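Structure record follows, encoded as structure tokens.
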Amino acid sequence: MVLNQVRAVFFDLDNTLIDTAGANRKGMLEVIKLLQSKYDYKEEAETICDKVQVKLSKECFHPSSTCITDLRTLHWEEAIQETKGGGANRKLAEECYFLWKSTRLQHMILAEDVKAMLIELRKEVRLLLLTNGDHQTQREKIEACACQSYFDAIVVGGEQKEEKPSPSIFYYCCNLLGVQPGDCVMVGDTLETDIQGGLNAGLKATVWINKNGIMPLKSSPRPHHIVSSVLELPAVLQSIDCTVSMSA
């Protein structure tokens with residue numbers, strides 16, 4: 001595979017390279033087991049976990065005002081109190097949070113076929129990991145899946161002035177690698193951040209990982225390419241280069 005036109009590929013992390021959603025579900029199942037067996041929350045356990053999941057999906061984190069551990073422990077504390085009533089139970093909330101967190105980190109694995117793809121791609125292009133999110137949370141995931149050695153650079157949105165989809169973080173990535181936006185491809189699973197960001201920054205192409213075959217809204221950003229697995233990326237990159245070569 002010879003890629004003359006694309007010089008760099010930016011990868012999202014969560015649900016693109018690692019199965020964060022699956023790891024999260026496994027973490028919740030462990031908490032349900034704990035609540036049911038140790039605390040006899042037979043029916044309430046699933047409700048508590050469902051409430052926490054909703055809180056995580058709506059989470060607004062401001063590192064200047066709190067730390068992520070305190071915020072997420074509070075999610076569990078509130079969910080337990082909303083479900084069971086009575087006073088706040090900080091100790092139980094902490095137990096649930098740390099069990100959920102440690103379990104999900106154990107299941108954040110870079111699959112062997114993904115590793116092999118990254119190794120091959122890196123022979124031809126520069127690779128950069130570009131992930132949104134809190135500094136502590138994302139660095140823990142990066143450590144857990146041991147992906148550092150597969151990339152020329154790693155950029156965490158929570159460590160920058162702006163996150164995806166802001167063009168500034170993409171320009172920062174380009175400067176790190178010494179490439180132009182028109183040399184780069186963004187690969188990710190989220191239309192509103194990964195794909196919109198790549199479009200905003202004027203990258204050569206965007207590749208949307210649509211694992212579940214969902215139909216996006218008409219108002220959603222339009223990716224250049226859609227695949228069901230990140231493992232389809234090498235073929236997409238070859239097609240991009242062929243198209244550019246022919247038009248040239």
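In this chain, numbering begins with 1 at the start of the sequence shown. Owing to the predicted nature of the structure, the values given are computational and were not obtained by experimental measurement. Quick note: numbers below take in every heavy atom, side chains included, and nothing from hydrogens, waters or symmetry partners.
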task = Any chance you could measure L74, atom CG, to D70, atom CG, to the nearest 0.5 Å?
result = 8.5 Å
inquiry  = Looking at E82 and K55, is there a salt bridge between them, counting it only when a charged N and a carboxylate O are closer than 4.0 Å?
reply    = yes
request  = Examine distances only and state if a side-chain atom of T16 and a backbone atom of L13 form a donor-acceptor pair shorter than 3.5 Å.
outcome  = no
request  = Treat each ILVMFWY residue as a node, draw an edge where side-chain heavy atoms are under 4.5 Å apart, and state whether I226 and L199 are in one component.
outcome  = yes
ask   = How about T73 and E94: does a side-chain donor come under 3.5 Å of a side-chain acceptor?
value = no
key: K51 side-chain N/O to W76 backbone N/O, donor-acceptor pair under 3.5 Å   = no
message = Within the 4.5 Å heavy-atom criterion, are F11 and V230 side-chain neighbours or not?
response = yes
ask   = Using a side-chain heavy atom cutoff under 4.5 Å and only I, L, V, M, F, W and Y, what cluster partners does I109 have?
value = none
inquiry  = Ignoring hydrogens and geometry beyond distance, is a side-chain donor-acceptor pair present between D183 and Q5 at under 3.5 Å?
reply    = no
query = Is S229 reaching over with its side chain to a backbone N or O of L231, donor-acceptor style, under 3.5 angstrom?
reply = yes
ask   = More than 12 non-hydrogen atoms from neighbouring residues, nucleotides or ligands closer than 6.0 Å to CD on Q180, yes or no?
value = no
task = Give a yes or no on whether the backbone of A45 and the side-chain of Q36 come within a donor-acceptor separation of less than 3.5 Å.
result = no
message = Could you check whether R104 pairs with E30 (Lys NZ or Arg NE/NH1/NH2 to Asp/Glu carboxylate O, under 4.0 Å)?
response = no
ask   = If you draw a 6.0 Å radius around CD in Q148, do more than 12 non-hydrogen atoms from other residues or ligands fall strictly inside?
value = yes
message = Under a 3.5 Å distance rule, please check whether E232 uses its side chain to pair with a backbone N or O of S228 as donor and acceptor.
response = yes
request  = Examine distances only and state if a side-chain atom of N200 and a backbone atom of P165 form a donor-acceptor pair shorter than 3.5 Å.
outcome  = yes
query = Would you call D40 and K42 a salt bridge, using N to O less than 4.0 angstrom?
reply = yes
request  = Just do the side chain to side chain donor-acceptor pair (under 3.5 Å) check on Y39 and E95 with the steps written out, would you?
outcome  = CA-CA 12 Å; Y39 295 97; E95 188 176 3; 2.4 Å; yes
ask   = Would L35 and L92 satisfy side chain to side chain contact (heavy atoms under 4.5 Å, CB included), going step by step from the backbone distance to the final call?
value = CA-CA 9 Å; L35 290 173; L92 177 56; 4.0 Å; yes
ask   = Do the side chain of S166 and the main chain of E162 share a donor and acceptor less than 3.5 angstrom apart?
value = no
ask   = Taking T83 for the side chain and I80 for the main chain, is one N or O donor matched with an acceptor at less than 3.5 Å?
value = no
inquiry  = Please check this pair: side chain of N89 against backbone of A93, looking for a donor-acceptor N/O pair closer than 3.5 Å.
reply    = no
inquiry  = Just by distance, no angles: are the side chains of D14 and Q138 close enough, under 3.5 Å, to form a donor-acceptor pair?
reply    = yes
request  = Report yes or no: do F10 and F151 belong to one cluster of Ile/Leu/Val/Met/Phe/Trp/Tyr joined by side chain heavy-atom distances under 4.5 Å?
outcome  = no
message = Given 3.5 Å as the limit, does a donor-acceptor pair link the side chain of W208 with the main chain of D189, or not?
response = yes
A144 to L105 - nearest heavy-atom pair and separation = CB-O, 3.6 Å
message = Take a 6.0 Å sphere around CZ of R222 and say whether it holds more than 12 heavy atoms from other residues, nucleotides or ligands.
response = no
note = Paired with I169, the side chain to side chain contact (heavy atoms under 4.5 Å, CB included) test is passed by just one of K164, E159, K161, namely K164
